[in-house]
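What follows is a short report on a single structure.
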Amino acid sequence: MKVLNIFFSATGNTKKVAQRIEQELLTIGHEVDTIQVAKDTETEILDYDFVFIGSGVYTWMPGKPLMEFIGKQREKYGSGEIKPAAPRRAGKKAVIYCTFGGGHTGMNEAVPAIKYMGQLFDHLGYEILGEWFIVGEFHGKLAYLSTSGRLGNIQGRPNERDLQEVAEKVIGILRV
Ligand SMILES: Cc1cc2nc3c(=O)[nH]c(=O)nc-3n(C[C@H](O)[C@H](O)[C@H](O)COP(=O)(O)O)c2cc1C
């Protein structure tokens with residue numbers, strides 16, 4: 001199966017998750033293209049049977065480069081591939097995930113980011129098999145939120161246990 005593993009990561013947390021996803025996919029014998037989204041990223045989503053897409057959450061949404069990437073895909077596929085009622089596309093599946101700090105309202109503030117990313121794939125007719133919320137510590141100026149937010153102390157996350165859980169879910173989801 002040809003898998004696209006695409007992500008945006010400003011401070012490295014989502015990158016750790018994307019790398020674990022890649023490692024797990026390779027271990028079980030899938031072909032995977034891992035792409036860290038940048039301004040000029042080009043890819044043919046529809047060439048892939050399975051897509052993992054993830055981002056850190058910034059002000060409730062995916063990172064700007066990923067939002068721009070999604071906007072460009074929507075324009076590119078337009079009414080040719082995005083059809084009324086978004087009919088399912090046989091054999092196409094996606095997992096949407098984010099890393100988030102939840103410093104103010106917990107997981108709720110990551111929900112818009114997940115839903116935003118998912119809409120591109122839902123519009124294209126992909127079956128969304130999972131929405132994964134993975135805790136990621138705040139870096140930089142907002143680091144104080146890693147110990148004072150609604151999720152308690154999230155320093156060091158995603159940690160090995162979080163990443164192991166991701167690996168288990170990759171195995172589980174591919175059984176579907
Ligand atoms: C500038 C900034 C804004 C953030 N905004 C949010 C937010 O609105 N909601 C949230 O849950 N986490 C927020 N976070 C925490 C990040 O989503 C979290 O640390 C994530 O794991 C970062 O992913 P990355 O390291 O892959 O960039 C913010 C972090 C930064 C640095």
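When a ligand or atom number is given, it counts from 1 through the structure's own listing order. Residue indices begin at 1 and follow the sequence shown.
- Other residues, nucleotides and ligands contribute at most 12 non-hydrogen atoms within 6.0 Å of the NE2 atom of H104.
- In this structure, the side chain of Y97 does not engage the main chain of I114 through any donor-acceptor pair within 3.5 Å.
- Considering backbone and side-chain atoms alike, T59 places an N or O below 3.5 Å from some N or O of ligand 1.
- Assignment of A110 to the shell around ligand 1 is not supported, since no heavy atom sits closer than 4.0 Å.
- Of the N or O atoms in G12, one or more lie within a sub-3.5 Å distance of an N or O in ligand 1.
- Of the candidates G140, G106, G136, S146, G136 brings a heavy atom nearest to atom 18 (C) of ligand 1.
- Annotation: cation-pi geometry not satisfied between K93 and F50 (NZ/CZ under 6.0 angstrom from ring centroid, within 45° of ring axis).
- Which parts of ligand 1 touch T99 is read off a 4.0 Å heavy-atom cut-off, strictly below it: atoms 17 (O), 20 (C), 21 (O), 22 (C), 23 (O).
- The two residues M107 and F133 have their closest heavy-atom pair at CG-CD2, 3.7 Å.
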**Report entry** Stepwise side chain to side chain contact (heavy atoms under 4.5 Å, CB included) check, K2 with V32
**Finding:** CA-CA 6 Å; K2 206 174 165 197; V32 52; over 6 Å; no

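- Inclusion of Y58 in the set of residues having an N or O under 3.5 Å from an N or O of ligand 1 is warranted.
- Taking a 4.0 Å cut-off on heavy atoms, G102 registers as neighbouring ligand 1.
- A donor-acceptor pair under 3.5 Å links the side-chain atoms of S146 to the main chain of F138, judged by distance alone.
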